[in-house]
Every structure is written in C-alpha cells, then in structure tokens.
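Following: one structure in structure tokens, then a few remarks.
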Amino acid sequence: MTFATRTAQTRAAIDAALMAPLRSIPAAVAVAERGIREITPFTPVLGAARSLLALATLLTIVATPHGQLFFRSVNYPDGVTCDRPFSAISLFCVWRGDTGGIAVAVAVIVLLAVVSGILPAVTAVPHWWVAWSFNMSSPIPDGGDQVSAVLTLLLIPILLVDRRRHHWQIDRGYASRAPVAKVMAYTSLVLCAIQVCVIYFHAAVGKFPVEEWANGTVLWYWFQDPTFAPAEPLRTLMLWVAGSAAGGAVLTYGSLLIELLLAFALVAGPRYRAVMLVIGSLFHLGIAVCFGLWSFSATMVAALLLYLARPSRAAVATAATASPIPQPVGAPEAAPDSDMLPSR
C-alpha cells in the first residue's frame, strides 16, 4: 500500500468521524418530532416531581418555628425581605408582621393542593407564586428554595395545557391535542432539563478552586459544624471516615464525580439516566441524613425526576397499565418504542 493510499484512507476515516454526528442530526430531529407528536408528557412522573417540590416547601414552612423561619432583626423588622425588585407582590410581603399568619395559611393551602395533585392547570401559577415568594422574602434563603422557584416557573407552560383532573393519572387523549400544546409541554420539560444540568455542572465546577474541596478535607469541617453536623453516633462515624485520607478523598471527590456525571446525563441514553436517577437520589438522601437538609434533598430529587425520567413509550405503557382509567374507544395504537428526545 502506497503512502498516498494510506493518506487518502486516513483522511476518509477522519472525514467520516467528523461528519457522523452531523448526519445523525436529521434522524435525531425525526425521532424527537415523532416523540413530541405521540408520547404524552402528562404522566404521574410529572405529578410526583410537582408533589415533591411542594412537599419540600411545605415541610420547611410547617416544621420550622415561625420565629426562626421569619426571624425579626433591625434590617427586617417584620421578619421578611420586601426591599427587592417585585417583592411587593410576594405573598409574604402582602401579608406580613401581625398578618403574617394569613400568608402562611395561604401557602399551606396551595401547597397541600399541589401535593394532592388536584387540577394541575389551576394550581400551577399559585404554586410558583408561593415558591417564588418564599425564596424572595425569606431572610435565610436556601439553595433548594431557589431551585423550586425556578422549576415551578418553568413548569407553568406544560401545566397550563394539562387537562387532567389530577396529576397522578395519564393523559390518554394526548394524541388528539393541538400541536401548539404539545410543543409548549415539551419545551417546558427541555428547559427544566437544561436548568438542572447547569445546576449540577456549576455545583461541581464551582468547587474546583476551593482549597478544601481540592485537598479533600471540606466534609471533615462540615461534620464538625454544630448547625449541620449529624447527631451521634453518626457524627463520630462520619468524622472518622472523613478524617482519614482515603475516606475524605472518596467522600469529597466522589461527590464531585456524581455531580459531573449528573450534568453529563443531559445527552445520555435512557439506561445511563436510569442509573444516575438512582445514584443521584441516594446521593441526596445521604445529604439529608448527614446534614438534615431534608427539604433541599426532596427538591433535588424532584429536579432529578424532571431531568432524568423523561417521557417514553415504556414509561407511558407502565403508567397506563397501573391506571384504573379505561382506554378511550378508538384511541390510536402506540408505535414501536422509542425515547422521547434524541439523547445519544
């Protein structure tokens, strides 16, 4: 084989490798278009994510003493922050001070309605209002509150076109829905997925310059913090693990690795996403157990459901089998299985 022939073959191989992703774009677009047209995103998975988001905020409001949740100070005499842009329309600024109990009561009623799943199209905007108001007005905002405020906003388009009486059932009439409703629904889910991907990517990359994360000692310091440290005997055990070179490295760098792997799930296939859903949920369960951040962890598990448990024919078929609602006469038969979005 001559040098010219080998050069030509090498160039052809490089061109094929570079053009392969471009050639797959039309096929990926066709798969996505078909999925949007035929696979309903209105499933109990969406409902479970909404209920978890609402439950996290509800637990924070109900389980935290009012004086600690909205503690009064010289800067915030009413216990809420109402000096930010648009804070005048915050639920907790409309009713504050001596009438703050009304705001709490309204928030609890709205959140209980969302947790129950009743009328998602009706509760969508009030849920966002409560989540946004709490994040905007709380003097001690939490990362989970910020995530909840953003996700409930991004979910409004899909929920406004949700015709279900409660979000624990599946929309069996999705095939006959107007194209604009289908596009709105999937656009909402795609925006949620991108947002969660950015959250995990930033959570990992943002820790790289921090010395304690770089040398693997950060969790050892956190386990000594009296505010966040777990109760005994778990505290002693975790201090022993995090205090060792191997244990500290596994906990610290393992956390960063999980966050990066979760970020990469945006373009991964269904099997990878299924594995990462389990790993991510266990990761946040561990955070809840070790640091007591139950509301934050519930919010992030809800985010993982929106991010990783994408609508697919298999998921819809499982939900339809479990649903007691009969299939309408004359409903179109499902086409062969395919994933909702091109993810490979």
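All heavy atoms count here, side chains included; hydrogens, waters and symmetry mates do not. Small disclaimer: the values here were computed from a predicted structure and weren't measured.
Relative orientation of the F223 and F291 rings is parallel, given thresholds of 30° and 60° on the angle between their planes.
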Open item on the list: Applying side-chain contact (heavy atoms from CB on, under 4.5 Å) to S51 and W168, what does each step give before you reach the verdict?
Closed with: CA-CA 10 Å; S51 290; W168 300 112; 3.1 Å; yes
Self-check item: side-chain contact (heavy atoms from CB on, under 4.5 Å) between L306 and L155, intermediate numbers included
Solution: CA-CA 10 Å; L306 294 171; L155 286 174; 4.0 Å; yes
Exercise. For side chain to side chain donor-acceptor pair (under 3.5 Å), just list the numbers for T40 and R177, CA-CA rounded to whole Å, side-chain angles, deciding distance to a tenth of an Å, and then say yes or no.
Key: CA-CA 10 Å; T40 176; R177 298 296 303 274; over 6 Å; no
- Message: Using side-chain contact (heavy atoms from CB on, under 4.5 Å), reason through D142 and D145 one step at a time and then give a plain yes or no.
- Response: CA-CA 5 Å; D142 176 77; D145 301 330; 3.3 Å; yes
D171 and D162: side-chain contact (heavy atoms from CB on, under 4.5 Å), yes or no, with the steps? CA-CA 8 Å; D171 183 4; D162 192 340; 5.6 Å; no
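For the pair L151/V196, a side-chain contact is recorded, criterion being any heavy-atom separation below 4.5 Å from C-beta on. In this structure the side chain of H167 never reaches within 4.5 angstrom of the side chain of L46, judged on heavy atoms. Side-chain contact between M276 and Y307 is absent, with no heavy atoms from C-beta onward closer than 4.5 Å. Side-chain contact between W95 and V106 is present, with at least one heavy-atom pair separated by less than 4.5 Å. Using a 4.5 Å cut-off on side-chain heavy atoms (C-beta onward), Q195 and V150 make contact. By the 4.5 Å heavy-atom criterion applied to side chains, L153 and I156 are counted as neighbours. At least one side-chain heavy atom of V108 sits under 4.5 Å from a side-chain heavy atom of V62. At least one side-chain heavy atom of V104 sits less than 4.5 Å from a side-chain heavy atom of I61.
More than 12 heavy atoms of other residues, nucleotides or ligands sit less than 6.0 Å from atom CG of L277. Atom CD of E211 has 12 or fewer heavy atoms from other residues, nucleotides or ligands within 6.0 Å. In this structure, F201 places its CZ atom where only 12 or fewer heavy-atom neighbours from other residues, nucleotides or ligands lie under 6.0 Å away. Heavy atoms from other residues, nucleotides or ligands lying under 6.0 Å from CZ of F208 number more than 12.
In this structure W132 satisfies the ring pair (Phe, Tyr, Trp, His ring centres under 6.0 Å) test together with W128, sequence neighbours excluded.
With hydrogens and angles disregarded, no donor-acceptor distance shorter than 3.5 Å links the side chain of S133 to the backbone of S90. At least one donor-acceptor pair under 3.5 Å links the side chain of W129 to the backbone N or O of I89. Side-chain N or O atoms of R164 include one that pairs as donor or acceptor with a backbone N or O of Q169 at under 3.5 Å. A donor-acceptor distance shorter than 3.5 angstrom exists from the side chain of S188 to the backbone of L154, with no hydrogens or angles considered. In this structure, S116 contributes its side chain and A113 its backbone to a donor-acceptor pair below 3.5 Å. The backbone N or O of A268 lies less than 3.5 Å from a partner atom in the side chain of R273, making a donor-acceptor pair. In this structure, Y272 contributes its side chain and V267 its backbone to no donor-acceptor pair below 3.5 Å. Using modelled atom types, no side-chain atom of S137 and backbone atom of F134 make a donor-acceptor pair closer than 3.5 Å. Looking at S87, its side chain does come within 3.5 Å of a backbone N or O of R84 through a donor-acceptor pair. Side-chain N or O atoms of T81 include one that pairs as donor or acceptor with a backbone N or O of M136 at under 3.5 Å.
For the pair V241 and S244, the tightest heavy-atom approach, listed with the atom from each and the gap, is O-OG, 2.8 Å. Taking all atoms of both residues into account, the shortest heavy-atom contact from T152 to A149 is OG1-O, 3.1 Å. Closest approach of L305 to A48, counting heavy atoms only: CD1-CB, 4.1 Å.
Listed by first and then second residue, the side chain to side chain donor-acceptor pair (under 3.5 Å) pairs involving residues 284-298 are T60-S295, Y200-H284 (not counting sequence neighbours).
Salt bridge present: E259 and K207 bring a charged side-chain N and a carboxylate O closer than 4.0 Å.
Of the options V289, L251, L219, a side chain to side chain contact (heavy atoms under 4.5 Å, CB included) to M238 is made by L251 and by none of the others.
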